[in-house]
Number of protein chains: 2
Amino acid sequence: MDDIRELKRVLHKENLRYTSQRKAVWDELCSSSDHRDAESIYLALRNSGIRVSRATVYRTIEVLVRHNMVRRLDLGDGRSRYENKLDPKHHDHLICLSCGRIEEFVDPDIEKLQEKVAEKHQFALRKHIHQLFGYCKDCQ
Amino acid sequence: MDDIRELKRVLHKENLRYTSQRKAVWDELCSSSDHRDAESIYLALRNSGIRVSRATVYRTIEVLVRHNMVRRLDLGDGRSRYENKLDPKHHDHLICLSCGRIEEFVDPDIEKLQEKVAEKHQFALRKHIHQLFGYCKDCQ
DNA sequence: GTTTCTATGAGACTCATTCTCATTTAGGGG
DNA sequence: CCCCTAAATGAGAATGAGTCTCATAGAAAC
Ligand SMILES: [Zn+2]
Ligand SMILES: [Zn+2]
Ligand SMILES: [Zn+2]
Ligand SMILES: [Zn+2]
């Protein structure tokens, strides 16, 4: 139901084939705007009867990340999370150290200051990670 | 030659023993203000003839991190880096995507804005990760 | 020196992720 | 449609950072 068109375009561009597994992984990533780990995507697909392997889940995510359709997050716990980037608004994350809840934030001032920092150090900025860790309202 | 006193104090506080291995790991971390991975610390010690195991390197770093003598960095490449915190100035990092060079930066305005963001979301802020990735002057 | 109890080393283990390779399948040409 | 071929897949092996186990070594206290 989601931007299958975009998936097809990207696969076509890289001379990759449109397969049911690739479609299923992308659908699953679009089915919520959550921050999912690879295993949960794999299990969700298996549980809904789709025949797919872990290797394929990882391989597909790789393609999606490469084409900017999915963002990979590293929360420092040894498991990558993924979120779709259909909605192109950039955001960063607040992460609860107790319950794992993830909230998103955007702060244009911080974004601007980052660019200044990079300039000052003569770095050509490509991306950034900005994560605030603490205890959420419910966990304090 | 470095704050061995501080190491002793911390070990004492936790009823842990002052051993040659723990001293060696701490010395190694103090010997430069670099961002080192565990393996490089292990190898440096072995190469200088110190008898120590990987397990002990990891265990010692654990203690040091717990007592705020060392900071753990996660650069998203699957290997933690460590830097001593003798110098208590907080800083964040610029990382070159090509050569791996790491530069440090501090921006009080960003720090303040982060706190505001946390407040707005009713998070009790404990720590943050702020990393700017790009290409350094030499790699552009 | 003896006792006691923690620290250490070697290597087994974990767990997310990647790799291998035999088999299946997409997609283009007939 | 059917064939062909290269690409995709699945199962399970491999990898690699980090952790755990347990027999032995070594601090610290007496
Ligand atoms: Zn919480
Ligand atoms: Zn997000
Ligand atoms: Zn560089
Ligand atoms: Zn640093």
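Chain letters run A, B, ... following the sequence lines, proteins first, then strands; residues in each count from 1.
A donor-acceptor pair under 3.5 Å is absent between the side-chain atoms of A:Asp3 and the main chain of A:Arg5, judged by distance alone.
Nucleotide C:dG28 holds its C1' atom 19 Å from the OH atom of A:Tyr18, rounded to whole Å. Between A:Trp26 atom CH2 and D:dA8 atom C1' there is a gap of 20 Å when expressed in whole angstrom units. If you measure from atom CG of B:Asn15 to atom P of D:dA27, you get 17 Å, rounded to the nearest angstrom. The distance from atom CG of B:Asp77 to atom P of D:dG16 is 14 Å, rounded to the nearest whole Å. Whole-Å rounding puts the A:Leu11 CG to C:dA26 P distance at 13 Å. In this structure, A:Tyr42 places its OH atom 14 Å from C1' of C:dT17, rounding to the nearest Å. Distance, A:Leu43 CG to C:dA16 P: 11 Å, rounded to whole Å. Between the NZ atom of A:Lys23 and the C1' atom of C:dA26 there is a distance of 16 Å, rounded to whole Å.
Side-chain rings of A:His90 and A:His128 approach one another, their centers coming within less than 6.0 Å. Aromatic ring centres of A:His93 and A:His35 lie closer together than 6.0 Å. Here B:Phe105 and B:His130 bring their ring centres to under 6.0 angstrom of each other.
In this structure, A:Gln131 and A:Asp74 approach most closely via the heavy-atom pair NE2-O, 3.0 Å.
Between the side chain of A:Arg17 and the base of D:dA6, at least one donor-acceptor pair of N or O atoms lies under 3.5 Å.
Side chain of A:Ala38, nearest nucleotide from C:dT17, C:dA26, C:dT8: C:dT17. For B:Arg79, the listed nucleotide lying nearest its side chain is D:dA17; candidates were C:dA7, D:dA17, C:dA10.
Residue B:Thr19 places at least one side-chain N or O closer than 4.0 Å to OP1 or OP2 of C:dT8. Here A:Gln21 reaches the OP1 or OP2 of D:dG10: one of its side-chain N or O atoms lies under 4.0 Å away.
Less than 4.0 Å separates DNA chain C from at least one heavy atom of each of the following residues of residues 48-73 of chain B: B:Arg51, B:Val52, B:Ser53, B:Ala55, B:Thr56, B:Arg59.
For the side-chain contact (heavy atoms from CB on, under 4.5 Å) with A:Ile110, the lone residue among B:Leu113, B:Asp109, B:Asp107 that qualifies is B:Leu113.
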* salt bridge (charged side-chain N to carboxylate O under 4.0 Å, His left out) evaluation trace for A:Arg72 with A:Glu83 -> CA-CA 7 Å; A:Arg72 169 183 285 121; A:Glu83 62 180 342; over 6 Å; no

| Stepwise salt bridge (charged side-chain N to carboxylate O under 4.0 Å, His left out) check, B:Glu115 with B:Lys112 | CA-CA 5 Å; B:Glu115 277 162 35; B:Lys112 264 176 242 143; over 6 Å; no

Determine, stepwise, if the pair A:Arg9 / A:Glu6 fulfils salt bridge (charged side-chain N to carboxylate O under 4.0 Å, His left out). CA-CA 5 Å; A:Arg9 196 182 61 73; A:Glu6 180 61 9; 2.8 Å; yes

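Bending across the helix from C:dG1-D:dC30 to C:dG30-D:dC1, expressed as the angle between its end axes from five pairs apiece, amounts to 30° (10° rounding).
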